[in-house]
Trainee: 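Please see the structure below; I have some questions.
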Amino acid sequence: MTTAPPDRSAERSPTTAAASGGLSTETALRLHDLMLRSRVLEERLITMYKQGDGYFWIGGPGEEAFNVPLGLLVDKGQGLDHDYLHLHYRSSGTLLAMGADPIDSLRQMKNTASDPYSKGRNFAGHYSVRKWNVAPVSSPIEVQYSIAIGTAQAQTKKGTKGITIVQGGDAGTAEGDFATCLVWSSRKGRELPILIIVTNNKFGISTPYEGQHGESRIADRGKAFGMQTATIDGNDPETSFHALKKAIDYVRTERKPYLLEAMVSRLHGHSSASGANFVKDEVDCLTRFEQRLEEKKVLSRAQMDEMRAKYTQEFLTASQKVREEPQPKAETIWDHVFADKNYVGGEN
Amino acid sequence: MTTAPPDRSAERSPTTAAASGGLSTETALRLHDLMLRSRVLEERLITMYKQGDGYFWIGGPGEEAFNVPLGLLVDKGQGLDHDYLHLHYRSSGTLLAMGADPIDSLRQMKNTASDPYSKGRNFAGHYSVRKWNVAPVSSPIEVQYSIAIGTAQAQTKKGTKGITIVQGGDAGTAEGDFATCLVWSSRKGRELPILIIVTNNKFGISTPYEGQHGESRIADRGKAFGMQTATIDGNDPETSFHALKKAIDYVRTERKPYLLEAMVSRLHGHSSASGANFVKDEVDCLTRFEQRLEEKKVLSRAQMDEMRAKYTQEFLTASQKVREEPQPKAETIWDHVFADKNYVGGEN
Amino acid sequence: MATMVQAIRMALHVGESKLGVTDIFGEDVGPPLGGVFTATQGLETTWNTPLDERGIVGMAIGLALAGRKPVAEIQFCDYAFNTVDLLKIAGNTYWSSGGDWNVPLVMMTPVGAGIRGSIYHSHSFDAQATRIPGWKIVMPSNPRDAYGLLLSAIKDPNPVMFLKPKALLRAKGKPGEEIPGEPGDDKTLSKMIDAPLGDRTKWRPEWPKLEELYIPIGKARIARPGTQVTVLTYGRNVPMCVAAAEELAADNIDAEIVDLRSLHPYDWDAIKQSVMKTNRVLCVNEDTEITNFGEHLIRRIVEELFYELHAPPKLLAGAHLPGIGLADALEHASVPQKDGIKRAIAELAKHEP
Amino acid sequence: MATMVQAIRMALHVGESKLGVTDIFGEDVGPPLGGVFTATQGLETTWNTPLDERGIVGMAIGLALAGRKPVAEIQFCDYAFNTVDLLKIAGNTYWSSGGDWNVPLVMMTPVGAGIRGSIYHSHSFDAQATRIPGWKIVMPSNPRDAYGLLLSAIKDPNPVMFLKPKALLRAKGKPGEEIPGEPGDDKTLSKMIDAPLGDRTKWRPEWPKLEELYIPIGKARIARPGTQVTVLTYGRNVPMCVAAAEELAADNIDAEIVDLRSLHPYDWDAIKQSVMKTNRVLCVNEDTEITNFGEHLIRRIVEELFYELHAPPKLLAGAHLPGIGLADALEHASVPQKDGIKRAIAELAKHEP
Ligand SMILES: Cc1ncc(C[n+]2csc(CCOP(=O)(O)OP(=O)(O)O)c2C)c(N)n1
Ligand SMILES: Cc1ncc(C[n+]2csc(CCOP(=O)(O)OP(=O)(O)O)c2C)c(N)n1
Ligand SMILES: [Mg+2]
Ligand SMILES: [Mg+2]
């Protein structure tokens, strides 16, 4: 299965009439397609887990309305002239929107040798794509916020238009690394071009947001540092698209930090450790968006059902393929302990 | 040399007329006496270092106008009903105001076996007084902010009137531990009775405040967490006294955090590592206060000179005594690795 | 018979109802979850912390200084490596203050591989822990020891680290390893103290009448007596080594399995006695093999018992790699497995000096 | 002859002027101070960071990922223990990403005792460092090695830790240990590259015409050849061991001092060769003695060279204590000193198998 990278011209200059709020029909369709695809991908991953085709699932169902626009708006590419992404383990929507092949997610789920993100070493959702500046997702919460300042600093020094984007959950903001990111990115006269995203699903595993936070809004923590901040409904793709566009444009142009908090849902609980079953009492961004598209007659229910069936079949087939792919060999544990070349420095 | 603990009744009910701004004459005299004493003590410690009677000096000359009032206002005692203090290495003013015997500071400087704070193990200014709830000062910057939440939590649970006070420098607020303190102490419905102090001398060793901070005021960082905050002139004993009283009363009564930033001076540089020489271009709180006392005719220059001479002589004599006291024996390194009793739990 | 996680829960119950434990806390430790491994379900003094390990350790130190008796959990030891400085402070405060402030806290954290936990749920912590002076460190290999070591940890006036072997948490004790007071029947116990699925807001556990049992810190246990090879191990590797030894018994190889239980202080007398008897030593643990605690044991053994040794002492430990990979073959190749242990014991037994 | 700190400064100058070093940073690393030990005075790419070690290590990783070549300093290794998780990430990123992202950074930090640094300026970091797979670790014992190892560290595409033995930073090289290109005369060099006291805003260093010199990572150096006892050591203990050996030569005891220089990877061939020759081994380092890197060396030696040994191998290391006390007697009793080293060598040499 190879998927052509999404055509991105539409999103950059929305020419057609607004089909769903302020989005062009093309953009709305593109968003829907990718949201649906990532939802179905996550469902396939969960099924694989439940059927014993993987040891652990964690992922992003419920964050698609935010993560897909993010993937579309990123300046994708390799090196300082493009955007760096320091994501968390719920970012499949972003990756698919950037053009990742979904079968590779299945490979990581099944920990095959062909898993391009970690060679069967890491859990599902732990992406790493150097050619697109997607830094390795690492399980420890929040460390990406301390690391992201480094790619942003590199971009400042070189004076590129590239920016750095870092993303993580709400509970994780209690770690000192979140504060590190705020402190280092806002130093007066030394501001960093970094978009700091918090995807707030109001939970850290089992622990509710309430009772753990003195801030009414996490985004408020940026204010003392003189940062632009916003808290948005991340369940709305339109809102997300525009808010992200605004924030990214600001960071790209002003070369200063922006703290964006997106309220999102956690539709299958924290991970397979908590069962991974669908949670009914949260807003489902996809359902809501599909309703709107139907109302606005952009897509019919039947069309959407058909798309879903198609993707479901596509990923089922892919998972069957992946099941046949070889597992990594024991002796491969010794591969990649030390690099012999400076790949990130341009050697090959 | 034994020094009676200072009489504290005066400060609690300022009855006499304001001698220096809003302070009673008694309080003003008490503050001056202690500020002078701690200044002369620090000068003695520096001299000891320069004469080879110690390996390293760090201390608080320039913070007396703030630290002395703090020591006077603390509810001193042992256990949850009293205040816990988590100080830094510039706190001799606070300790003297609480009634510490200055000779003990000389002992720690000279790392004698008689050093009651660390038995010749730790640097000067690293106080530890369990009977007064003064937690051990530890060299690593900012960790006291992560530890202080624990004594505050214990006080909340027991429902005492005791509060926790934590203090550190400006540069150290960049460590995640400062954020930890803000996060944990402000959780809605679970606020902690903690006075969070930042003594801002606008330096971290050689690194100026400017260029390292996005916040205009460090105290602003409390605002997002719904905290009461203030930034004050910590070089003014009157301002400090009232601001501390207000903050302590608030925390004691409301059982909620308060973030207080005090602008202070660093009169002998960072430590002996930077020479420990007097720095002329900073405000000297003692000089300023003495001028005011002279103007208000509370004390004459001659009286103050005499006091200074007396303390200078007293500490010189003390240092000569300390020089004769034995050094710790090699085999004592094995003492106090493990406790055999739960001293903090009340065993004896 | 109780599982190890039930044993821990019961010990914590005894701790908070009889031994003065005041705060049991960590990420997801309080209701509704009661811990990612259910170790803290149904207890009275549990609470959920912010997601901040530094805060958790700092909170524990502060509570301890204030004379309370905290039991803090780090959800996985893999996430304790940003707190090493604070752990060092917990371990040095009594010493640094010249005996002024002791720090009576318990920190517990799941360790080790065996559940396909991939890079960040497979770490060991024994080597790191033994590098932090001022701590006592224990690690049970069965429910009864877990119970008795945890009670001793709670009673101790010093910081004690209680390492929970993840892969054994759901394992039951063997006959003779009962916890005094636990009901004989597993189902009964489960009904009494395991939280139900679904809504738990009204559920309360019914605790069995438990007796106190103290496994002394610093005392090893002979998990299997033997005469030919001494195996020094702990935690998850204990049952593995015992199984290996049982299988080797068929080949007339008779290994003694010493379950250290305490890593610091460790039971040098027991080690010495066993080595003097067998003259051959194998150390088995899961941590990475460079600067590994088993290397300390071997160093001390060669320094003090060199001429007792009839074969070069051997270490079987985790591969010196940046992580443990997810796929079966990767995890297997990264930490000791029964077959490798058998081979190592057999080689030692057969070694001709 | 240059001191070690001058050697480091010159290596960093070569790094930023010829080898692509883009950022040299840490607390007080930039102007006006140029580092608490003056190691970064007068350089072009230095800057002062916030007081936040986690930020420093994170920044270094991020810069490295972005293809830059950072040299990050942790002011004292005593303050690196809150970053162990991030150091582990620097070490595991290449492996975890299946070879996607290498992390070419250098971290440097002063280590060890010897300056009456008390509890928090006396720590060693070698044991901790060798427990973090994916890093290369070097530690020089003289200015020339410092220069050559730092250049190799800068060239390496992996994270490299450069441990600076604090007590040797002001020590000069011995004849034969010149840095290629340094002026023969100390005063000339000092005038050229040491920042003046007082106002430095207008000062610029005048760098000597330095040649590149690469001491390969993984290669030991025989600091003193000998035949009777092998001493495996590094950093501050090297000159101490050499001095001990020289004094013992008078008693006809002939020790070989092996300066490992690289702790990971270490030079097993050199170790083996020396041990095969002398049949007696002493490991000397300052870190605390439980779960110590010297114990790894001893473990490997007994596993592979047991029958070559004519005496029990010995470790001389730091006392297993929560800290190093300030008073002379306390510091002396806590880490190896020349006399103790002499005694240990002599005992080994005289040991009758
Ligand atoms: C440093 C660290 N501590 C603990 C964990 C275990 N853990 C995994 S996810 C999680 C909750 C994260 O909550 P949040 O940051 O809100 O992100 P979410 O999963 O809700 O998107 C925890 C505690 C971890 N992975 N890393
Ligand atoms: C964790 C840690 N990092 C670095 C140091 C070294 N150090 C000692 S004091 C200091 C500067 C502290 O500045 P600030 O917090 O403003 O306090 P001040 O000394 O100015 O009162 C530094 C970097 C340390 N002691 N601890
Ligand atoms: Mg969340
Ligand atoms: Mg300061």
Side-chain angles (χ1 to χ4, degrees), chain B residues 54-56 58 89 108-113 115 118-124 126 136 138-143 146 168-179 203-214 270-271 273-275 326-338, chain D residues 25-38 40-41 46-56 58 75-76 78-83 86 114-123 197-198 200 288 318-335 337:
Chain B
Y55 294 112
F56 181 73
I58 194 158
Y89 43 66
Q108 191 168 40
M109 185 70 199
K110 182 74 185 162
N111 42 262
T112 60
D115 152 28
S118 70
K119 306 224 160 122
R121 290 169 178 183
N122 219 337
F123 279 152
H126 286 60
S138 140
S139 302
I141 296 291
E142 221 64 8
V143 290
S146 282
D170 50 312
T173 60
E175 297 272 5
D177 295 288
F178 184 70
F203 274 107
I205 306 192
S206 72
T207 304
Y209 183 92
E210 288 75 37
Q212 298 300 346
H213 294 263
H270 174 72
S271 67
S274 51
Q327 291 282 303
K329 294 221 168 14
E331 59 273 22
T332 65
I333 60 173
W334 299 106
D335 297 345
H336 313 301
V337 175
F338 287 119
Chain D
F25 58 97
E27 294 157 13
D28 306 294
V29 158
L33 193 59
V36 287
F37 291 98
T38 75
T40 50
Q41 286 180 347
T46 56
W47 49 280
N48 291 327
T49 64
L51 203 174
D52 173 18
E53 290 76 16
R54 296 186 62 73
I56 293 171
Q75 196 165 71
F76 290 91
D78 313 58
Y79 304 126
F81 291 93
N82 58 346
T83 70
L86 286 167
I115 61 156
R116 302 298 180 274
S118 181
I119 308 177
Y120 275 101
H121 302 79
S122 302
H123 258 101
L197 293 180
R200 295 162 176 189
T288 52
H320 190 71
L321 288 174
I324 291 182
L326 177 57
D328 287 14
L330 305 183
E331 180 177 316
H332 270 127
S334 301
V335 290
Q337 306 294 337

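Quick note on labels: first sequence line is chain A, next is B, and so on, each numbered from 1.
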Trainee: Return the option, out of N122(B), T173(B), T332(B), with the maximum number of heavy-atom pairs under 4.5 Å with chain D.
Mentor: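 Result: the option with the highest number of such pairs is N122(B).
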Trainee: Specify the closest pair of heavy atoms between Y55(B) and L326(D), including all atoms of both residues, with the distance to one decimal.
Mentor: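 Shortest heavy-atom contact: CD1-CD1, 3.7 Å.
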Trainee: Name the orientation class of the two ring planes belonging to H123(D) and F81(D) (parallel below 30°, tilted from 30 to 60°, perpendicular beyond 60°).
Mentor: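 H123(D) and F81(D): tilted rings.
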Trainee: Who among I205(B), D115(B), V337(B) has the most heavy-atom pairs with chain D under 4.5 Å?
Mentor: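 Most heavy-atom pairs under 4.5 Å with chain D: I205(B).
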Trainee: What's the separation between atom CD1 in I324(D) and atom NE2 in H332(D), rounded to the nearest 0.5 Å?
Mentor: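 NE2 of H332(D) is found 11.5 Å from CD1 of I324(D).
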Trainee: What option among D328(D), L330(D), I119(D) has the most heavy-atom pairs under 4.5 Å with chain B?
Mentor: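 The residue among D328(D), L330(D), I119(D) with the greatest pair count is L330(D).
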Trainee: Side chain, backbone, both or neither: which part of K329(B) has a non-hydrogen atom closer than 4.5 Å to chain D?
Mentor: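 The answer is the backbone of K329(B).
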Trainee: Could you verify whether a donor N or O on one side chain and an acceptor N or O on the other, from N48(D) and Q212(B), lie under 3.5 Å apart?
Mentor: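 There is no such pair between these side chains.
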Trainee: For the interface with chain D, which of G169(B), A171(B), P208(B), S138(B) has the highest count of heavy-atom pairs at distances below 4.5 Å?
Mentor: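 Top count of heavy-atom pairs under 4.5 Å with chain D: A171(B).
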Trainee: Which heavy atom of S118(B) sits nearest a heavy atom of Q108(B), and at what distance?
Mentor: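 Heavy atoms of S118(B) and Q108(B) come nearest at OG-NE2, 3.2 Å.
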Trainee: Heavy-atom distance under 4.5 Å to chain B: side chain of N82(D), backbone, both or neither?
Mentor: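 When you check distances to chain B, only side chain atoms of N82(D) fall under 4.5 Å.
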Trainee: Between F123(B) and chain D, which part of the residue has a heavy atom less than 4.5 Å away: side chain, backbone, both or neither?
Mentor: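 F123(B) touches chain D through backbone and side-chain heavy atoms alike.
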Trainee: Quick one: what part of H121(D) sits under 4.5 Å from any heavy atom of chain B, side chain, backbone, both or neither?
Mentor: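 Answer is side chain: those atoms of H121(D) sit under 4.5 Å from chain B.
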Trainee: Considering only residues two or more places apart or on different chains, which pairs with a residue in residues 47-56 of chain D satisfy salt bridge (charged side-chain N to carboxylate O under 4.0 Å, His left out)?
Mentor: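 For residues 47-56 of chain D: D177(A)-R54(D), R54(D)-D85(D).
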Trainee: Between Q327(B) and chain D, with a heavy-atom cut-off of 4.5 Å, which part of the residue counts as in contact: side chain, backbone, both or neither?
Mentor: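 For Q327(B), side-chain heavy atoms alone lie under 4.5 Å from chain D.
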Trainee: If you count heavy-atom pairs under 4.5 Å between each of G323(D), G117(D), P322(D) and chain B, which one has the most?
Mentor: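 Maximum pair count with chain B is reached by G117(D).
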Trainee: Examine whether an atom of A273(B) lies under 4.5 Å from a heavy atom of chain D, and if so say whether it belongs to the side chain, the backbone or both; otherwise answer neither.
Mentor: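 Nothing of A273(B), per the 4.5 Å heavy-atom cut-off to chain D.
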Trainee: For S206(B) and H270(B), which I'm curious about, is there any donor-acceptor pair between the side chains at under 3.5 Å?
Mentor: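 No, because no side-chain N or O of S206(B) sits under 3.5 Å from a partner of the opposite role on H270(B).
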Trainee: When only pairs under 4.5 Å are counted, which of P31(D), P32(D), S334(D), P50(D) shares the most heavy-atom pairs with chain B?
Mentor: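 Result: the option with the highest number of such pairs is P50(D).
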Trainee: Where on I115(D) is there a heavy atom nearer than 4.5 Å to chain B: the side chain, the backbone, both, or neither?
Mentor: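 Contact with chain B involves no heavy atom of I115(D) at all.
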Trainee: Between chain D and each of R121(B), H336(B), E331(B), K110(B), count heavy-atom pairs under 4.5 Å; write down the option with the most.
Mentor: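 Top count of heavy-atom pairs under 4.5 Å with chain D: R121(B).
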Trainee: If you take all heavy atoms of A333(D) and A319(D), which pair is closest and at what distance?
Mentor: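 Taking every non-hydrogen atom into account, O-CB, 4.5 Å.
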Trainee: If every non-hydrogen atom of Y79(D) is compared with every non-hydrogen atom of P140(B), which pair is closest and at what distance?
Mentor: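 Taking Y79(D) first and P140(B) second, the nearest heavy atoms are CE2-CA, 3.6 Å.
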